[in-house]
Protein chains: 2
Amino acid sequence: MPRRPTLRDLAAAAGVSRSTASNAYNRPDQLSAESRERVLATAARIGYPGPSPAGSALRRGRAGALGVLLGDRLGYAFSDPAAAVFLDGLSEAVEDEGYALLVLPGARTGGGPAPEAVRTAVVDAVVAYSLADDDPAIAVVRDRGLPLVTVDQPALPGVAGVRVDDEAGARAVAEHVLGLGHRRPAVVAFELTADGREGPAGAERQRAATFTVTRDRLAGYRAAVEAAGLNWADVPVHECPHNAFLEGVRAIAELLPLGPTAVLAMSDELALGVVRGAADAGLTVPGDLTVTGFDDTTAAARAGLTTVRQPLRDKGVRVGEQLLALLAGETPSPQTLPTELVVRSSGAPPPAPRAGQRVGPGRP
Amino acid sequence: MPRRPTLRDLAAAAGVSRSTASNAYNRPDQLSAESRERVLATAARIGYPGPSPAGSALRRGRAGALGVLLGDRLGYAFSDPAAAVFLDGLSEAVEDEGYALLVLPGARTGGGPAPEAVRTAVVDAVVAYSLADDDPAIAVVRDRGLPLVTVDQPALPGVAGVRVDDEAGARAVAEHVLGLGHRRPAVVAFELTADGREGPAGAERQRAATFTVTRDRLAGYRAAVEAAGLNWADVPVHECPHNAFLEGVRAIAELLPLGPTAVLAMSDELALGVVRGAADAGLTVPGDLTVTGFDDTTAAARAGLTTVRQPLRDKGVRVGEQLLALLAGETPSPQTLPTELVVRSSGAPPPAPRAGQRVGPGRP
DNA sequence: CTGAAAGCGCTAACAT
DNA sequence: ATGTTAGCGCTTTCAG
């Protein structure tokens, strides 16, 4: 069985030099139309499939792929509609330059992709999609000297990045909810640290947060809570390791005994889970419980969820542009995109306290 | 500014040969622990980031990536929860062998990825995720001689593939619906041909279908319809170019004037859109309208949708295994996975005909 | 417009 | 256990 033909074989078969054969593919202007014609025809005849991508990648010093570092396994990472929209924008922005996306899911053990996978990825640049600030995968990227753009992470020194004004967004929803008269809010949060913990997160743990998004949104909620004269320590924070509907359901189940009248969830996915869990417990939204989300995914719109809109697609596009700029030797500066409160129908004033229920923080 | 160190620099700095330096990374057993130690220490000192993936990819003849050909832009492709689960299974199955996924979204102009993108992708094998039978991207993969596994496509001659028994699944839901007493079903279908057309699809167009999934499910519905003594030509089929909620909403809006009492949708996403559209029109499900989906995504479960379950994750795992087998030089045979009818609460007997409404096909 | 030469960075025989 | 040698397949100056 003859081995797969290479450019050399093609050149020989077409009676031209290797460089001319190469040019037939990459620089049509460097040779006569006939030559090109003949080379291509010969290629078809001998079954030469075009220049080997690996060979040209090495020679050109260009892989034609951009790495996408995810903080979760694909089942979780992609079950969030927000990720789909973000990636749509990203791929849209870079495909014309000939880049595809190499997806690196989080490790089975939690956290970002396995360092070894990052080390061996054939990519020209990398985007870190909301990893923990100290994720080892980031260090590998830096060691490799690859251009890096972080998303929803504080711009590392000298690293480009795109984020959203999470704190302002969070403060806005929280103010809205508090403005409705709620005095007993609860928070359903993303993970604080990449250790897979699920459940109540006290002050200690909140302080140790390594996920910027979580930290910022928490800060926003907190600012609003304190501005309303409440004590942040009285606000229960339930941590969900994954941005998943089911974890929202579980969260509200655990929170309910604490008697919250409103739940501030860090994503629409989680919020939708909370709504469902509340319904399972016989509560109506917003009658018995006010629930808010974050992101403004299409699912949130369908469900009438009050939430915070962030420009997901645009975020992807910006990241793509930064990546391209970096690859072109420029040094784009970090960007922060705005958020916008979207009030729908999942919020209402708190219900009149039921008999026997505690009325305010610390007051029996 | 010193250029990025290569293995040669490392070898020189550590006072060993290039092969020894290489072995320090790839074959720890081929050199003494001290040598290895010293090499690695030197690497850290001079800032050598480890062997260049592009170089080793060429030398080894192994890219470390598997191409995923999608039939849609990422915004659509990933907004389907089914895709997330499938990819989760796929990546899970191949990551231990060191493969990442290179995502190639459909072209802006519709259909699968741009041929050029497929031609230049640095990958070792490819999976075609429900493309049209005649998609040009597939031809490019074959020309390149890359191992190929198709999903939801008829196994091409000599090509591995994993599919689901779409026809049986479709027949099962349709029989279930018909068994409920419906005589006026309508179908909300996926695209028949990659031309972006949205709207009613007559016999002509149905016959020309190039998407196997669409064709098979249609065949299943049809079999059940005819077995129930109805005429397939009387069953309106509405085609949706994308598997998107909104297109489901639009579909039912157009179908409603035709007076269907049940809608068989080809995906849960579409079905959910139909449910919403029906609600918008003041109809209740299943009181006024029976709606069924396909896939059994988590969203379907949440919504109480009667649907057809297909083993999404397992499908991904199988595809991964086939890819691995192909890469190992084996020749896996095509597999067809079973489906299962999942009856929930979106189906009920048809409502009593309203005054002035046509009662049966062709009877005024 | 075409060809010759050099080498991208690495790894795998093979020899020592 | 370590070093030598020979490319993997391609693109790109640089001459002609």
Side-chain angles (χ1 to χ4, degrees), chain A residues 2-40 42-43 46-64 98 119-124 144-146, chain B residues 2-40 42-43 46-64 98 119-124 144-146:
Chain A
R3 90 176 157 357
R4 163 175 305 292
T6 72
L7 192 63
R8 165 185 247 110
D9 301 320
L10 172 60
V16 297
S17 71
R18 275 146 85 214
S19 55
T20 297
S22 173
N23 284 335
Y25 287 93
N26 308 311
R27 309 187 157 183
D29 52 307
Q30 295 297 296
L31 71 179
S32 66
E34 308 118 69
S35 296
R36 182 171 137 92
E37 198 66 11
R38 189 155 39 85
V39 171
L40 264 22
T42 307
I46 68 172
Y48 176 71
S52 146
S56 71
L58 177 59
R59 176 63 232 236
R60 297 224 247 249
R62 194 234 202 224
R119 244 229 60 228
T120 60
V122 184
V123 296
D124 297 309
R144 279 187 60 181
L146 289 172
Chain B
R3 88 170 161 1
R4 166 176 302 292
T6 72
L7 192 62
R8 164 186 246 110
D9 301 319
L10 172 60
V16 296
S17 72
R18 273 148 84 217
S19 57
T20 296
S22 174
N23 285 336
Y25 287 92
N26 307 310
R27 310 187 155 184
D29 52 309
Q30 294 297 297
L31 72 178
S32 67
E34 308 117 69
S35 297
R36 182 170 137 92
E37 198 66 9
R38 188 156 39 85
V39 171
L40 264 22
T42 307
I46 67 172
Y48 175 71
S52 144
S56 72
L58 177 60
R59 177 62 234 233
R60 295 222 245 260
R62 194 233 202 227
R119 243 230 60 228
T120 59
V122 184
V123 297
D124 298 309
R144 280 187 59 181
L146 289 173

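Letters A, B, ... are given to chains in the order of the sequence lines, protein chains preceding strands, and every chain is numbered from 1.
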Are any protein N/O atoms closer than 3.5 Å to N/O atoms in nucleotides 14-16 of chain D? If there are, list each pair with its distance.
none

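- In terms of phosphate contacts, Thr20(B) brings no side-chain nitrogen or oxygen within less than 4.0 Å of OP1 or OP2 of dT2(D).
- Atom CZ in Arg27(A) sits about 16 Å away from atom P in dC10(D), given to the nearest Å.
- Across all their heavy atoms, Ile46(A) and Leu10(A) have their closest contact at CD1-CA, 3.8 Å.
- Leu58(B) comes within 4.0 angstrom of a base, heavy atoms only.
- In this structure, the side chain of Arg38(B) does not engage the main chain of Val16(B) through any donor-acceptor pair within 3.5 Å.
- Comparing atom distances between the Ser32(B) side chain and each of dC10(D), dT12(D), dT2(D) picks out dT2(D) as nearest.
- Distance Leu7(A) CG to dC8(D) C1': 13 Å, rounded to the nearest Å.
- If Arg36(B) and Tyr48(A) are placed on DNA chain D by their nearest nucleotide, the residue sitting closer to the 5' end is Arg36(B).
- No side-chain heavy atom of Tyr48(B) sits less than 4.5 Å from a side-chain heavy atom of Thr42(B).
- Within the structure, a side-chain polar atom (N or O) of Ser35(B) is placed less than 4.0 Å from OP1 or OP2 of dT2(D).
- Residues Arg119(B) and Pro51(A) form a side-chain contact, since some pair of their non-hydrogen atoms from C-beta on lies under 4.5 Å apart.
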Check: protein-nucleotides 5-7 of chain C nitrogen or oxygen pairs below 3.5 Å:
unit_1 : atom_1 : unit_2   : atom_2 : d
dG7(C) : N2     : Arg59(A) : NH1    : 3.2

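- Between the CZ atom of Arg60(A) and the C1' atom of dG9(D) there is a distance of 12 Å, given to the nearest Å.
- Residue-environment remark: CZ (Arg8(A)) stays at or below the threshold of 12 foreign heavy atoms within 6.0 Å.
- What separates CD of Gln30(A) from P of dT13(D) is a distance of 11 Å, to the nearest Å.
- Between Leu10(A) atom CG and dC10(D) atom P the separation is 9 Å, expressed in whole Å.
- When the P atom of dG9(C) is taken as reference, atom CZ of Arg144(A) falls 13 Å away, rounded to whole Å.
- In terms of phosphate contacts, Asn26(A) brings a side-chain nitrogen or oxygen within less than 4.0 Å of OP1 or OP2 of dT11(D).
- Between Ser17(B) and dG3(D) there is a side-chain polar atom (N or O) within less than 4.0 angstrom of OP1 or OP2.
- Using a 4.5 Å heavy-atom threshold, the side chains of Arg4(B) and Pro49(B) count as touching.
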Can you give me every donor-acceptor pair (side chain of residues 52-61 of chain A, partner residue at least two apart or in another chain, under 3.5 Å) with its distance?
unit_1   : atom_1 : unit_2   : atom_2 : d
Ser52(A) : OG     : Ala54(A) : N      : 3.3
Ser52(A) : OG     : Gly55(A) : N      : 3.1
Ser56(A) : OG     : Pro53(A) : O      : 3.3

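- Distance Arg8(A) CZ to dA6(D) C1': 13 Å, rounded to the nearest Å.
- Ranking dT11(C), dT2(D), dC10(D) by closeness to the Ser22(B) side chain, first place goes to dT11(C).
- Considering every non-hydrogen atom in both Arg36(A) and Pro28(A), the closest pair reads NH1-CG, 3.8 Å.
- For Arg62(A) and dC10(D), the CZ to C1' distance is 15 Å, given to the nearest whole Å.
- Listed nucleotides: dT11(C), dG9(C), dG3(D). Nearest to the side chain of Val16(B): dG3(D).
- A pairwise comparison of heavy atoms in Val39(B) and Ala24(B) identifies CG1-CB, 3.7 Å as the closest pair.
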